[in-house]
Trainee: 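Supplied in structure tokens, the structure appears directly below.
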Amino acid sequence: MILVDYLRLNAQRYPSKTAIVCGDASLTYAQLWHEVSSASGSWDGDDRVCCFRSSQDIAFVITYLSAHLAGRVATPLEQGMPEPLFQEVKHRLQASAVADGIADILYTTGTTGQSKGVMVSHRALVADAENLIAGQGFSHDLVFVINGPLNHIGSLSKIWPCIILGATILILEGMKDVNAFFRALDYPAQKMATFFVPATIRMLLQLAPDRLAAYGHKLDFIESGAAPLPEADMLRLCELLPNTRLYNTYASTETGIIATYNYNDRQRAGKGTSHDGKPDGKSCPVANCLGRPMPHSRVLITAEGLISCQGDTLMSGYVGDPELTATVLRDNTVFTSDVGTIDEEGMLHITGRVSDVINVGGFKVSPIEVESAAMSSPMVSDCICISAEHPVTGRALKLLVVTPDGRPLDKRGLARYLAGRLEPYKVPMLYEQVDTIARTYNGKLDRKHYL
């Protein structure tokens, strides 16, 4: 079965169940199936690849699923993409050879420069959904709030388990309006969940911690991903939501949804978790832990210390670029640039990316470790650790810092704070106060911006 087969089945099983909500509009499963069926006939011509602009509304879901029903490859592109570029990408994709069984082509870093169109099969899509169901406890009575862009796997992947289970999807137009998010949590449901990038979690912890805590009784779980989540933010979230399952997930467009870890209050006491989210009595550090691989996935660490992934969730390749595909996907294994380890209990830990490691005086430093330590300080609202020129050492660690309310940065105080938490060679020599930290569309620190 592919995703639209589950939609057809649930339209029969739960015709009056609410499938999707956006603002004042909603559709039941019977209505959604009717709309998808009607829209599937609008894909004219012989082109297998269907390009369309992403949007945060019910129309997007109908367009996306109708492409699948019509036997086409759904390719959602950035909503704000200039029309000439949209047409260029569309023509390029329609001229590319796409194998049978491909459901989606998803772009990882936009569609300019070194863009990569990742082919995701129907088999991988369902395997990703089943991984999320098993690993995080998606259920039929859940209402999942989607607040991120639906042309990227972080948010798009949450539609998949909801459709399979007959759960409810609630779509927001991003997180610029915090009040709209909390109004969404007033939806009449006993179990709700959502996905946040770390930057959004940090914003909520700073601007509305008490309001977030007030919804703890109905927040079944919250997932974070796309970028490392500082341990200080993990622990603060555990304090605010002691009864909510809090997941840190390892996933990418190329690998699919691989592993997840529930770091809630029980984990602060040093307890690990089994696949069903219950404590298993084994210790597992919170920081950088991504849990055990989910049912359709396997994880290996290469001799170079890099994470590689196997299983049904892997991409089928980069569209139109077999040479680039061969550099990443070989022997049914995706080789990533993430540095990681697997502990004695089978838990995956990530320590950074090869390209991010900073070499200072012969020592290799992961900026993620420095940033995580800094983010635990009350002097820091946001930060990024970069390599900078130094008149004496040649290169040195530099920490760019956003302070709470823009108050003056106590550089010496912060250096002393970090010296108590990091090895001496990991403590930055240089500090600079800035107004903002550059981030990508999905909340990752934009390190290239500072090169």
Side-chain angles (χ1 to χ4, degrees), residues 14 16-29 32 55-58 60-61 132-133 135-150 152 154-163 165-227 229 233-249 260 262-265 277 442-443:
Y14 320 112
S16 60
K17 171 77 183 292
T18 300
I20 188 165
V21 179
C22 184
D24 295 330
S26 66
L27 292 176
T28 65
Y29 268 93
L32 179 59
S55 58
Q56 297 296 117
D57 53 25
I58 293 175
F60 171 89
V61 178
L132 287 169
I133 293 168
Q136 297 180 351
F138 277 72
S139 59
H140 172 69
D141 57 345
L142 182 71
V143 175
F144 197 96
V145 180
I146 291 178
N147 55 69
L150 285 167
H152 299 297
S155 292
L156 181 61
S157 63
K158 306 311 177 291
I159 288 179
W160 306 336
C162 289
I163 292 295
L165 293 170
T168 300
I169 303 161
L170 195 160
I171 299 177
L172 296 178
E173 294 184 9
M175 283 295 292
K176 292 183 179 180
D177 185 351
V178 175
N179 291 325
F181 169 71
F182 285 113
R183 286 196 297 271
L185 294 185
D186 288 328
Y187 186 84
Q190 293 184 340
K191 291 172 62 176
M192 303 187 75
T194 193
F195 169 84
F196 289 137
V197 295
T200 300
I201 291 177
R202 164 63 46 150
M203 177 190 70
L204 289 172
L205 293 179
Q206 291 179 332
L207 300 180
D210 294 338
R211 292 183 70 182
L212 184 62
Y215 289 94
H217 65 287
K218 63 189 306 185
L219 278 169
D220 189 38
F221 66 88
I222 295 175
E223 181 193 17
S224 62
L229 180 62
D233 289 353
M234 288 183 174
L235 298 181
R236 178 61 174 145
L237 207 56
C238 288
E239 293 172 358
L240 293 173
L241 301 169
N243 298 313
T244 298
R245 287 176 284 123
L246 304 170
Y247 290 102
N248 198 18
T249 297
T260 196
N262 177 13
Y263 59 89
N264 68 13
D265 260 359
N442 59 2

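Values below: all heavy atoms of this structure, side chains included; hydrogens, waters and symmetry mates excluded. Since we're looking at a predicted model, the values are computed, not measured.
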Trainee: Do Ile20 and Ile171 come within less than 4.5 Å of each other through their side chains, counting heavy atoms only?
Mentor: yes
Trainee: Does Phe144 have its ring centroid less than 6.0 Å away from the ring centroid of Phe195?
Mentor: no
Trainee: Which atom pair, heavy atoms only, marks the closest approach of Leu212 to Leu237?
Mentor: CD2-CD1, 3.8 Å
Trainee: Are the side chains of Leu204 and Phe196 in touch, meaning some heavy atoms are under 4.5 Å apart?
Mentor: yes
Trainee: With rounding to the nearest 0.5 Å, note down the distance linking CG in Asn264 to CD in Glu239.
Mentor: 13.0 Å
Trainee: Output all residues satisfying side-chain hydrogen bond (donor to acceptor under 3.5 Å, both in side chains) with Tyr215, sequence neighbours left out; order by chain, then residue number.
Mentor: Asp186
Trainee: Which value, rounded to the nearest 0.5 Å, describes the distance between Gln206 atom CD and Asp233 atom CG?
Mentor: 8.0 Å
Trainee: First locate atom CG of Asn248, then atom OG of Ser224, and finally report the distance between them rounded to the nearest 0.5 Å.
Mentor: 4.0 Å
Trainee: Show the numbers, then the answer: is there a ring-ring contact (aromatic ring centres under 6.0 Å, His included) between Tyr247 and Tyr263?
Mentor: CA-CA 6 Å; Tyr247 290 102; Tyr263 59 89; 8.3 Å; no
Trainee: Do you know the tightest heavy-atom contact between Ser155 and Gly148?
Mentor: OG-CA, 3.2 Å
Trainee: Determine yes or no for a side-chain-to-main-chain donor-acceptor pair under 3.5 angstrom, with Lys17 supplying the side chain and His140 the backbone.
Mentor: yes
Trainee: Side chains of Asn147 and Thr194: donor-acceptor distance under 3.5 Å anywhere?
Mentor: yes
Trainee: For residues Leu240 and Ala213, report the shortest heavy-atom separation together with the two atoms involved.
Mentor: O-CB, 3.6 Å
Trainee: Rounded to the nearest 0.5 Å, how far apart are SG of Cys22 and CD1 of Ile169?
Mentor: 11.5 Å
Trainee: Between Glu223 and Arg245, does any side-chain N to carboxylate O distance fall below 4.0 Å?
Mentor: no
Trainee: What closest approach, in Å, do Pro161 and Ile133 show between heavy atoms, and which atom pair accounts for it?
Mentor: CB-CG1, 3.7 Å
Trainee: Using the test salt bridge (Lys or Arg N to Asp or Glu O under 4.0 Å), find all partners of Lys191 that sit at least two apart in sequence or belong to another chain.
Mentor: Asp141
Trainee: Can you list every side chain to side chain donor-acceptor pair (under 3.5 Å) pair that touches residues 169-183, not counting sequence neighbours?
Mentor: Asn179-Arg211
Trainee: Determine yes or no for a side-chain-to-main-chain donor-acceptor pair under 3.5 angstrom, with Thr168 supplying the side chain and Ala19 the backbone.
Mentor: no
